[in-house]
Engineer: 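I'd like to ask some things about the structure below.
This chain uses plain numbering: 1 for the first residue, then up along the sequence.
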Amino acid sequence: MKRRILSIVLLAAVCAALLAGCGQKSATWKVTCPWAPSGVAAMVSQQAATKSTSYSDSITLVAEAIKGDAATVNTWVADTKANDTELVFVGEGLLSITSILDPAKMQFGYEDFVFVENLYSSIFVLSADAKLNISSVADLEAYVQQGTEISVAVNGATSSEAFLAASLFGAMGAGDKLKLTPYQSAAEAAQAVARGETQFAVSHQSQILETYQQNGVTVVCAFDEGNIENGPFAGVEGVGQHGYPYFRNRCFVMARAGTDEKKVAELKELYGKILADTEVTEWLQDTMLLEVDTMSVADVEAHVENVKGIVNEYKDIVAG
């Protein structure tokens, strides 16, 4: 009799464990990066996906990087429904630049997404041909006052880099002297200034680092409020403290609008744990020269509106 009772108790315990396990079903969330398959965002997304299993038994992130930009996001919005296990990156390039310059490309709007987390924050820098001997905002202002033509290498004709260049030189009164030279990739644009093809370049810090270490360029300023605090460019001046416009490059992880709030909260919590991981933060800071910059919905909307303001003010310089 005792054995029978024990068997019943053990059976009940096993059933309870199975039922508990059923409530913790694991879901695989595909995270689409719709630009630059070998670029910064794709690399960070892969790092986050690798770490996801260390911090969650119920969510696994899988990174997918494809080239397509607006067209890819159009398809994603059309094919994805609320609560699908799909995430996508959207940034100021689409929400603040394409939405103003070429809205016909976009068959979606901000309202089609629900914000999960900002994957990283990148502070762009302006580099100059070392022969110009320009290493500060004051040096740059003095150079601009000479009234000569200014050529700047950027990643794409209407990119974030293009608008940062236009806003800085435009605010200095040199918009009519500015020639933006677009390249097919950010890395190529970063190297153009060292090859003597342009006088300046706007790029991610990591993309100009090697050329800087070889003394081919000087790094003039950073597109941020204050000085860069960490890494090889620590101490480089932020243009914001001189009254010039700026914005950081950010990468928003988005779910489809209408996705259950609890699922979104769980995803945000997971990304928060990943971005707080010491190995991840050190890799972002030391290898990628990026910053952890978790954000709220209000932060995202303020960022999008700030960039829109810059685009509206300087679009004639960029788009002609």
Side-chain angles (χ1 to χ4, degrees), residues 25-95 97-99 105-110 112-122 155-156 159-160 184-187 204 206-207 249-260 263-275 277 279-280 283-284 287-288 290 292-295 300:
K25 288 183 179 179
S26 179
T28 298
W29 288 74
K30 184 173 75 174
V31 190
T32 299
C33 177
W35 59 75
S38 60
V40 171
M43 292 173 68
V44 180
S45 181
Q46 183 59 59
Q47 180 79 347
T50 301
K51 280 288 182 180
S52 64
T53 54
S54 299
Y55 290 101
S56 178
D57 294 327
S58 58
I59 296 176
T60 301
L61 303 176
V62 175
E64 179 178 72
I66 55 178
K67 191 173 182 179
D69 208 30
T72 299
V73 183
N74 284 336
T75 301
W76 188 90
V77 170
D79 293 348
T80 306
K81 305 295 185 291
N83 295 313
D84 284 353
T85 52
E86 298 271 351
L87 299 170
V88 68
F89 291 157
V90 185
E92 70 272 348
L94 291 176
L95 297 176
I97 298 177
T98 303
S99 64
K105 278 188 176 180
M106 295 174 50
Q107 298 166 25
F108 59 86
Y110 179 72
D112 289 304
F113 308 100
V114 57
F115 173 66
V116 176
E117 189 52 272
N118 178 44
L119 192 63
Y120 62 82
S121 181
S122 174
N155 174 30
S159 60
S160 293
Q184 293 297 314
S185 71
H204 291 282
S206 60
Q207 292 160 342
N249 175 231
R250 292 184 165 105
C251 189
F252 306 135
V253 181
M254 299 285 201
R256 191 69 166 88
T259 296
D260 183 76
K263 290 184 179 180
V264 174
E266 189 178 0
L267 286 162
K268 187 174 182 66
E269 181 182 9
L270 173 57
Y271 271 105
K273 290 177 180 178
I274 293 169
L275 294 173
D277 183 289
E279 185 178 339
V280 174
W283 177 79
L284 284 171
T287 302
M288 302 301 293
L290 303 171
V292 173
D293 185 17
T294 55
M295 299 172 72
V300 171

Engineer: What I'd like to find out is whether the side chain of Phe89 reaches to under 4.5 Å of the side chain of Thr32, using heavy atoms alone.
Structural biologist: no

Engineer: Mind checking side chain to side chain donor-acceptor pair (under 3.5 Å) for Glu92 and listing every partner two or more places apart, or none if nothing turns up?
Structural biologist: Ser160, Asn249, His303

Engineer: Without hydrogens or angle criteria, can the side chains of Glu117 and Thr294 be said to hold a donor-acceptor pair below 3.5 Å?
Structural biologist: no

Engineer: Under 4.5 Å between any side-chain heavy atoms of Phe115 and Phe252, yes or no?
Structural biologist: yes

Engineer: Do Glu266 and Ile59 come within less than 4.5 Å of each other through their side chains, counting heavy atoms only?
Structural biologist: yes

Engineer: Under the side-chain contact (heavy atoms from CB on, under 4.5 Å) test, which residues partner Ala255, sequence neighbours left out?
Structural biologist: Leu87, Val114, Val116, Thr259

Engineer: Establish, from distance only, whether the side-chain atoms of Asp277 and Tyr55 form a donor-acceptor pair under 3.5 Å.
Structural biologist: yes

Engineer: Sequence neighbours excluded, which residues qualify as side chain to side chain donor-acceptor pair (under 3.5 Å) partners of Ser121?
Structural biologist: Arg248, Asp293

Engineer: Sequence neighbours left out, what passes salt bridge (Lys or Arg N to Asp or Glu O under 4.0 Å) with Lys67? Give chain and number order.
Structural biologist: none

Engineer: Would you say Ser56's side chain and Ser58's backbone share a donor-acceptor pair under 3.5 angstrom?
Structural biologist: yes

Engineer: Quick test of your reading of the model: are Arg256 and Asp84 salt-bridged, counting only N-O distances below 4.0 Å?
Structural biologist: no

Engineer: Hey, could you give me the CG/NE2 distance between Asn155 and His204, rounded to the nearest 0.5 Å?
Structural biologist: 7.5 Å

Engineer: Would the distance check show the side chain of Ser45 and the main-chain N or O of Ala41 forming a donor-acceptor pair, the cut-off being under 3.5 Å?
Structural biologist: no

Engineer: With sequence neighbours left out, write down each residue that passes side-chain contact (heavy atoms from CB on, under 4.5 Å) with Ser52, or none if nothing qualifies.
Structural biologist: Thr60, Leu61, Leu270, Ile274

Engineer: Please tell me if the side chains of Val62 and Val31 come closer than 4.5 Å, counting only heavy atoms from C-beta onward.
Structural biologist: no

Engineer: Could you tell me if the side chain of Tyr120 sits less than 4.5 Å from the side chain of Val40, heavy atoms only?
Structural biologist: yes

Engineer: Taking the side chain as everything from C-beta on, heavy atoms only, tell me whether Arg250 gets closer than 4.5 Å to Met295.
Structural biologist: yes

Engineer: Identify each donor-acceptor pair in which a side-chain atom of residues 71-78 lies under 3.5 Å from a protein atom, sequence neighbours left out, and give them as a table.
Structural biologist:
residue : atom : partner : partner atom : Å
Asn74   : OD1  : Gln107  : N            : 2.7
Asn74   : ND2  : Ala70   : O            : 3.4
Asn74   : ND2  : Lys105  : O            : 2.7
Thr75   : OG1  : Ala71   : O            : 3.1

Engineer: If I take atom CG from residue Leu95 and atom OH from residue Tyr110, how far apart are they, to the nearest 0.5 angstrom?
Structural biologist: 8.0 Å

Engineer: Can you see which heavy atom on Ser206 is nearest to which on Met288, and at what distance?
Structural biologist: CB-O, 3.5 Å

Engineer: Heavy atoms, side chains only, cut-off 4.5 Å: are Val44 and Leu284 in contact?
Structural biologist: yes

Engineer: What pairs with Met106 under side-chain contact (heavy atoms from CB on, under 4.5 Å), at least two apart in sequence or on another chain?
Structural biologist: Thr98, Ser99, Phe108

Engineer: Please report the closest heavy-atom contact between Ala42 and Ala65, naming both atoms and the distance.
Structural biologist: CB-CB, 3.7 Å

Engineer: Minimum heavy-atom separation for Gly91 to Trp35, with atom names?
Structural biologist: N-CH2, 4.1 Å

Engineer: Holding to side-chain contact (heavy atoms from CB on, under 4.5 Å), I want the full list of residues that pass it with Thr50, two or more places apart in sequence or in another chain.
Structural biologist: Gln46

Engineer: Report yes if the side chains of Glu86 and Trp29 come closer than 4.5 Å at any heavy-atom pair, otherwise no.
Structural biologist: no

Engineer: Which atoms form the tightest heavy-atom contact between Tyr271 and Ala48, and what is the distance?
Structural biologist: CE2-CB, 4.2 Å

Engineer: Restricting to side chain to side chain donor-acceptor pair (under 3.5 Å), what partner residues turn up for Glu279, sequence neighbours left out?
Structural biologist: Lys51

Engineer: With sequence neighbours excluded, what pairs up with Lys273 under the side chain to side chain donor-acceptor pair (under 3.5 Å) test?
Structural biologist: none

